Engineer: 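Have a look at this one before I ask anything.
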Amino acid sequence: MYRLNLPKHSIQEFFDDLLKGRHNNEKNNFIVTRLSNIKSDLVDAEKQYISLAEGKLLHTIPVQKIINIPDIVELSDGIPRSILDWEIEKVYSNYLVDTPGSQKVGREVYESILSNTYYNLCPYCSHREVKTVDHYLPKTKFLSFAITPVNLLPCCSDCNKDKLDNYEIDAKKMLIHPYFEETRHIKWLKCEVKENLWPITFTYEVANDIQDSVLKSRINYQFSLLNLGKLYADNAAREFNYRVKSLIREYNTNPSNKALEFINDNLESYSSENANSWQTNMFRALKSSKWFIEEALPNVQAYYQK
């Protein structure tokens, strides 16, 4: 989980260009005409979204599965006075996502969201590579935010799928919003070495000492929903295996030091970058495990190089 810069685009800025050159006829029930008449509503919705997100109140937005065109708008006979969920999904897919290499403004907005990352890491799991764009509030339930940049987040495919299948709109189950929330000041992740178990194995969980009960509930929900405990534990086991030769070399050079210089150097390096990363907590767990330092470490070479 890490904070992203706000998107550089807004509905007000690109919406008119998004509609330029699009088909507008009886076959699609004059979708461009209908969209052009809800622009002001989408702009107002975007402002409301930002205000509520800053107050951690996005869960209060009511579900919207249809967009009604304001009564004051005059439309020709035969033009529907609403936009349905399947239509707005097509607008997202065809107008915004478009196709790679498209020079249209929608694809420009989409690409800018995809690239708004820290070294291309998914902001939900902070580990896997960004492959797609996620709707923080699902587009099928909140139509007015289907193409709103602040509701669109760069995301890995796994987190996108896990969230799509199970996400709930509830005050205690809202995922940490990468555009509006910062968790670096909170030590929310905990790792432990499983004692008396070979190969060296790690477990991850949400720390118990988070003071804000709602925030703790939300982090726990995100941790469970996206299966981060297993993701981090699997990667920690692989990382330990990659580093074991260096660890053994450090230990054999000075057994009385118990490889603490090696562990501390890695802990300091990772911690300076992200105190809540699985790597930081992996080395913190190694350092704090009496079983690992006193019992396992002297036998690491025998086990891993047998």
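In this chain, numbering begins with 1 at the start of the sequence shown. Since the structure is predicted, the reported quantities are computational estimates derived from the model, not experimental observations.
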Engineer: What pair of heavy atoms forms the shortest contact from Lys187 to Ala207, and how long is it?
Structural biologist: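 In this case the closest contact between Lys187 and Ala207 is O-CB, 3.5 Å.
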Engineer: Sort out for me which residue in Asn116, Asn151, Ile50 forms a side chain to side chain contact (heavy atoms under 4.5 Å, CB included) with Tyr179.
Structural biologist: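 Result: among Asn116, Asn151, Ile50, Asn116 is the only option passing the side chain to side chain contact (heavy atoms under 4.5 Å, CB included) with Tyr179.
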Engineer: Any carboxylate oxygen within less than 4.0 angstrom of a Lys/Arg side-chain nitrogen, looking at Glu192 and Lys190?
Structural biologist: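 Looking at Lys190 together with Glu192, the answer is yes, because their closest N to O distance falls below 4.0 Å.
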Engineer: Looking at Leu175, Asn276, Ile176, Leu226, which one forms a side chain to side chain contact (heavy atoms under 4.5 Å, CB included) with Met1?
Structural biologist: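 Filter result, single survivor: Ile176.
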Engineer: For residues His59 and Asp170, is any side-chain donor paired with an opposing acceptor at under 3.5 Å?
Structural biologist: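 Looking only at side-chain atoms, Asp170 and His59 do not form any donor-acceptor pair under 3.5 Å.
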Engineer: Please tell me if the side chains of Glu89 and Lys139 come closer than 4.5 Å, counting only heavy atoms from C-beta onward.
Structural biologist: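 Glu89 vs Lys139: side chains touch.
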Engineer: Just by distance, with hydrogens left out, do Thr33 and Asn24 show a side-chain donor and acceptor under 3.5 Å apart?
Structural biologist: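 Distance-only check passes for Thr33 and Asn24.
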Engineer: Relative to the ring of Trp188, is the ring of Phe223 parallel (under 30°), tilted (30 to 60°) or perpendicular (over 60°)?
Structural biologist: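 Correct class here is perpendicular.
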Engineer: Closest approach of Tyr92 and Ala146, non-hydrogen atoms and distance?
Structural biologist: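 That closest heavy-atom pairing would be CD1-O, 3.4 Å.
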Engineer: Is there a side-chain contact between Glu261 and Asp265 in this structure, where contact means two heavy atoms from C-beta onward sitting under 4.5 Å apart?
Structural biologist: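 Heavy-atom side-chain distance check passes, below 4.5 Å.
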Engineer: Would a distance-only check, ignoring hydrogens and angles, find a side-chain to backbone donor-acceptor pair under 3.5 Å from Ser36 to Val32?
Structural biologist: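 A pair under 3.5 Å: yes.
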Engineer: Which atom names give the shortest non-hydrogen contact between Leu96 and Tyr110, and what distance separates them?
Structural biologist: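 Shortest heavy-atom separation between Leu96 and Tyr110 comes out as O-CB, 3.6 Å.
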Engineer: Are Phe283 and Glu268 packed together at the side-chain level, in the sense that at least one heavy-atom pair is separated by less than 4.5 angstrom?
Structural biologist: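 Side-chain contact under 4.5 Å: no.
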Engineer: Are the side chains of Leu189 and Val206 in touch, meaning some heavy atoms are under 4.5 Å apart?
Structural biologist: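 Not touching, per the 4.5 Å side-chain cut-off.
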Engineer: Is any side-chain heavy atom of Leu137 less than 4.5 Å from a side-chain heavy atom of Lys141?
Structural biologist: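 The answer is no; the side chains never approach within 4.5 Å.
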Engineer: For Val109, is there any backbone N or O sitting under 3.5 Å from a side-chain donor or acceptor partner on Ser112?
Structural biologist: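 Yes; at least one donor-acceptor contact below 3.5 Å.
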Engineer: Might you point out which heavy atoms bring Cys155 and Asn160 nearest each other, and give the distance in Å?
Structural biologist: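 Reported closest heavy-atom pair: SG-N, 3.4 Å.
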Engineer: How about Asn264 and Lys287: does a side-chain donor come under 3.5 Å of a side-chain acceptor?
Structural biologist: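 Distance-only check passes for Asn264 and Lys287.
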Engineer: Does Arg22 make a cation-pi contact with Tyr95 (under 6.0 Å, within 45 degrees of the axis)?
Structural biologist: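 Cation-pi check for Arg22 and Tyr95: passes.
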Engineer: Could Lys20 and Asp16 be called an ion pair, given the rule that one side-chain N must be under 4.0 Å from one carboxylate O?
Structural biologist: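 Answer for the salt bridge query: no.
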Engineer: For the backbone of Gly101 and the side chain of Gln103, can you confirm whether one donor and one acceptor N or O come within less than 3.5 Å of each other?
Structural biologist: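 Checking the backbone N and O of Gly101 against the side chain of Gln103, a donor-acceptor pair under 3.5 Å is found.
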Engineer: Where do Lys131 and Cys156 land on the side-chain contact (heavy atoms from CB on, under 4.5 Å) test, with the steps shown first?
Structural biologist: CA-CA 5 Å; Lys131 294 288 188 180; Cys156 71; 5.5 Å; no
Engineer: Hydrogens and angles aside, do Arg238 and Asn235 bring a side-chain donor and acceptor to less than 3.5 Å of each other?
Structural biologist: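 Their side chains do contain a donor-acceptor pair, which is all the 3.5 Å distance test asks for.
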Engineer: Before we go on, tell me: are the rings of Phe142 and His135 under 6.0 Å apart, centre to centre?
Structural biologist: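 That pair fails the under 6.0 Å test.
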Engineer: Report yes or no: does Ser115 contribute a side-chain atom to a donor-acceptor pair with the main-chain N or O of Glu111 at less than 3.5 Å?
Structural biologist: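 Answer holds: yes.
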Engineer: Going through the distances and angles, do Glu108 and His9 end up as a side-chain contact (heavy atoms from CB on, under 4.5 Å)?
Structural biologist: CA-CA 10 Å; Glu108 178 186 334; His9 297 284; 3.6 Å; yes
Engineer: Would you check if the side chain of Arg249 reaches a backbone N or O of Val244 as a donor-acceptor pair within less than 3.5 Å?
Structural biologist: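 Not at all, since once roles are kept as given, no pair shorter than 3.5 Å links the two residues.
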Engineer: Can Ser277 and Thr280 be counted as having a side-chain donor-acceptor contact under 3.5 angstrom?
Structural biologist: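 On atom types as modelled, these side chains qualify, holding a pair under 3.5 Å.
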Engineer: Any chance the side chains of Thr148 and Glu46 put a donor and an acceptor closer than 3.5 Å?
Structural biologist: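 Short answer, no.
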Engineer: Going only through I, L, V, M, F, W and Y residues with side-chain contacts under 4.5 Å, is there a path from Leu6 to Phe15?
Structural biologist: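 Looking at the clustering, Phe15 is in the same group as Leu6.
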Engineer: Do Pro199 and Phe240 make a side-chain contact, defined as non-hydrogen atoms from C-beta onward lying under 4.5 Å apart?
Structural biologist: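 A side-chain contact is absent here, since even the closest heavy-atom pair is not under 4.5 Å.
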Engineer: Could you tell me whether Lys65 and Asp85 have a side-chain N and a carboxylate O separated by less than 4.0 Å?
Structural biologist: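 No.
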Engineer: Please step through side-chain contact (heavy atoms from CB on, under 4.5 Å) for the pair Thr203 and Cys191, ending with a clear verdict.
Structural biologist: CA-CA 6 Å; Thr203 61; Cys191 173; over 6 Å; no
Engineer: Would you kindly confirm whether Val214 and Ile219 end up in one hydrophobic cluster when ILVMFWY residues are joined by side chain heavy atoms under 4.5 Å apart?
Structural biologist: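 Unlinked, Val214 and Ile219 end up in two clusters.
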Engineer: Test your reading of the model: is there a side-chain donor-acceptor pair from Gln64 to the backbone of Ser144, 3.5 Å cut-off?
Structural biologist: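 Yes: the side chain of Gln64 pairs with the backbone of Ser144.
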Engineer: For a salt bridge (charged side-chain N to carboxylate O under 4.0 Å, His left out) check, start with the C-alpha distance between Asp158 and Arg128, then their side-chain angles and the critical distance, and finish with the verdict.
Structural biologist: CA-CA 8 Å; Asp158 286 347; Arg128 291 180 290 246; 3.6 Å; yes
Engineer: Look at the rings of Phe180 and Tyr49 and say which category their plane angle falls in: under 30° parallel, 30 to 60° tilted, over 60° perpendicular.
Structural biologist: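 Ring orientation, 0 to 90° scale: tilted.
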Engineer: Is a donor on one side and an acceptor on the other found under 3.5 Å between the side chain of Arg184 and the backbone of Tyr2?
Structural biologist: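 Judged by distance alone, no pair lies under 3.5 Å.
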Engineer: If the threshold is 4.0 Å, N to carboxylate O, is there a salt bridge linking Glu250 and Arg243?
Structural biologist: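 Not counted as a salt bridge, because no side-chain N and carboxylate O are separated by less than 4.0 Å.
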Engineer: Please list every donor-acceptor pair under 3.5 Å in which a side-chain atom of residues 289-297 meets a protein atom from a residue at least two apart or in another chain.
Structural biologist:
| unit_1 | atom_1 | unit_2 | atom_2 | d |
| --- | --- | --- | --- | --- |
| Ser289 | OG | Phe292 | N | 3.0 |
| Trp291 | NE1 | Asn196 | OD1 | 3.1 |

Engineer: Can you say whether the rings of Tyr136 and His177 are parallel (under 30°), tilted (30 to 60°) or perpendicular (over 60°)?
Structural biologist: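 Tyr136 and His177: tilted rings.
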Engineer: Looking only at heavy atoms, which two atoms of Phe262 and Ser246 are closest? And how far apart?
Structural biologist: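 What the structure gives for the nearest pair is CE1-CB, 3.6 Å.
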Engineer: Going through the distances and angles, do Ser82 and Ile69 end up as a side-chain contact (heavy atoms from CB on, under 4.5 Å)?
Structural biologist: CA-CA 5 Å; Ser82 62; Ile69 297 171; 5.8 Å; no
Engineer: Closest approach of Lys258 and Ile263, non-hydrogen atoms and distance?
Structural biologist: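 So the two residues come closest at O-CD1, 4.5 Å.
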Engineer: When hydrophobic residues are tied together by side-chain contacts of less than 4.5 Å, even through go-betweens, does Trp86 share a cluster with Ile66?
Structural biologist: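 Linked within one cluster.
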Engineer: CG of Asn299: more than 12 outside heavy atoms within 6.0 angstrom?
Structural biologist: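 Atom CG in Asn299 is crowded, with more than 12 foreign heavy atoms closer than 6.0 Å.
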Engineer: Name the one of Asn120, Asp134, Ile113 that satisfies side chain to side chain contact (heavy atoms under 4.5 Å, CB included) with Pro154?
Structural biologist: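 Testing each of Asn120, Asp134, Ile113 against Pro154, the sole residue satisfying side chain to side chain contact (heavy atoms under 4.5 Å, CB included) is Ile113.
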